[in-house]
2 protein chains.
Amino acid sequence: MNEANSCPMDPLLQRITGRWTTYILWLLANEGPLRFGALMALMPKISAKVLTDRLRTLERNGIVLRTQKPTIPPEVSYELTPHGHDLETALHSLHRVALKWHELGWVEDEGFPDAAVTLKDKVLAD
Amino acid sequence: MNEANSCPMDPLLQRITGRWTTYILWLLANEGPLRFGALMALMPKISAKVLTDRLRTLERNGIVLRTQKPTIPPEVSYELTPHGHDLETALHSLHRVALKWHELGWVEDEGFPDAAVTLKDKVLAD
DNA sequence: GTAAGTAATTACCAATTGGTTACTAGTTAC
DNA sequence: GTAACTAGTAACCAATTGGTAATTACTTAC
């Protein structure tokens with residue numbers, strides 16, 4: 001587990017992390033199956049192109065299942081596969097951290113309000 | 001928590017996920033403080049430029065602490081801040097999934113060997 | 001007859017990201 | 001005297017990513 005080559009964490013992270021990817025997984029884990037349009041509505045800043053790309057990749061990886069009714073207009077929904085459900089514990093754990101940090105007033109690229117204590121470099125005397 | 005605006009998951013994920021970022025956090029969580037060179041050795045494919053960038057961002061966000069001895073040659077090491085330690089439970093949970101999927105033979109962009117069951121689109125009759 | 005609704009895909013362009021090479025500093029070992 | 005050691009930084013270029021607008025298909029409502 002000490003060499004990147006043999007550590008299974010790296011390939012996993014490459015596929016489930018990244019802009020939007022983990023958030024999509026969290027939404028599916030937390031809310032259950034969602035239609036394409038519902039996912040778009042839950043992520044106002046994402047474009048259809050990127051959402052499609054992320055869902056296709058997750059599908060290829062066996063993490064998300066796509067279900068379509070070939071009607072017009074089409075109705076397509078997405079849910080976690082049985083394997084995808086393996087991620088739920090970790091996602092809920094991350095969510096707990098998110099809530100905690102939110103309460104603490106954590107801000108992106110500014111850190112925590114108590115930053116004076118934790119943010120600065122430590123410089124050890126020579 | 002249903003609107004992306006108000007959901008604290010999105011800002012958290014934006015800062016701790018992404019190529020290499022989560023893996024760096026996992027290494028620091030799992031192995032303790034590590035020097036720059038040790039991190040490079042554990043990630044043969046990362047470049048110094050990218051590693052520096054990821055560490056700087058994590059530092060700005062109060063998740064990683066940088067400690068330097070101003071000697072020559074310099075000695076710099078990185079560790080999780082107290083807040084950074086909040087992520088340990090989630091990271092270990094992800095690691096458990098990584099081990100399980102690895103055992104199941106999961107392959108990036110090919111999914112699981114039992115893909116026939118989970119990978120294909122479901123098409124519901126009209 | 002015309003517009004709306006859904007889940008995309010395509011093409012094109014702009015922005016962001018990442019790779020590579022060279023360079024730095026002061027001490028120690030050869 | 002010269003090379004190695006460490007943790008970067010800067011400059012430049014190539015590759016990847018993402019945004020936007022246009023388009024599709026058929027049905028239903030106005």
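Quick caveat: nothing in here was measured; it's all calculated off a predicted structure. Heavy atoms only: backbone and side chains are in, while hydrogens, waters and symmetry mates are out.
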Next on the checklist: Checking contacts here: which listed nucleotide (D:dC26, D:dA7, C:dA8) is nearest the side-chain heavy atoms of A:V76?
Outcome noted: C:dA8
Next on the checklist: As a test of reading the structure: which of C:dG19, D:dA7, C:dA8 is closest to the side chain of A:F36, going by heavy atoms?
Outcome noted: C:dA8
Item to check | Phosphate contact (D:dT17 OP1 or OP2) by B:R19 side-chain N/O below 4.0 Å | outcome: no
Item to check | Atom-to-atom span, CG of B:D53 to C1' of D:dG8 - whole angstrom | outcome: 13 Å
Checklist entry - Which comes earlier along DNA chain D counting from the 5' end, the contact point of A:P73 or that of A:K45, where each point is its nearest nucleotide? => result A:K45
Checklist entry - Would you say a side-chain N or O of B:S47 is under 4.0 Å from OP1 or OP2 of C:dG18? => result no
Checklist entry - Between A:T52 and A:P74, which is nearer to the 5' end of DNA chain C once each is assigned its nearest nucleotide? => result A:P74
Checklist entry - Could you give the CD-to-C1' distance, from B:E75 to D:dC5, as a whole number of Å? => result 12 Å
Checklist entry - Between A:I24 and A:M43, is a side chain to side chain contact (heavy atoms under 4.5 Å, CB included) present by the stated rule, with each step listed? => result CA-CA 9 Å; A:I24 291 167; A:M43 294 176 283; 3.8 Å; yes
Checklist outcome for this item: Atom CD of A:Q14 and atom P of D:dT16 are separated, to the nearest Å, by 14 Å
Next on the checklist: Is there a side-chain contact between A:R35 and the phosphate of C:dT6, meaning an N or O under 4.0 Å from OP1 or OP2?
Outcome noted: no
Next on the checklist: Measure CG/A:L55 against C1'/C:dA8 and give the value in whole Å, please.
Outcome noted: 11 Å
Next on the checklist: Does a side-chain N or O of B:R54 approach OP1 or OP2 of C:dT17 to a distance below 4.0 Å, or not?
Outcome noted: no
Next on the checklist: Is the ring pair B:H92/B:W26 parallel, tilted or perpendicular, if the boundaries are 30 and 60 degrees?
Outcome noted: perpendicular
Checklist entry - D:dA7 C1' sits how many Å from B:L51 CG, rounded? => result 10 Å
Checklist entry - Aromatic rings B:F36 and B:Y78: how do their planes relate, parallel, tilted or perpendicular, breaks at 30° and 60°? => result tilted
Checklist entry - In terms of the angle between their ring planes, are A:W101 and B:H83 parallel, tilted or perpendicular, with boundaries placed at 30° and 60°? => result perpendicular
Checklist entry - Once you round it to whole Å, what is the distance between C1' of C:dA15 and NZ of A:K49? => result 12 Å
Item to check | For atom CG of B:L39 and atom C1' of D:dG8, their distance in whole Å | outcome: 14 Å
Checklist outcome for this item: Nearest heavy-atom contact between B:V76 and B:Q68 is CG2-CB, 3.9 Å
Item to check | Whole-Å gap separating C1' (C:dA8) and CD (A:E59) | outcome: 13 Å
Checklist entry - Can a side chain N or O of A:R56 be found less than 4.0 Å away from OP1 or OP2 on C:dT9? => result yes
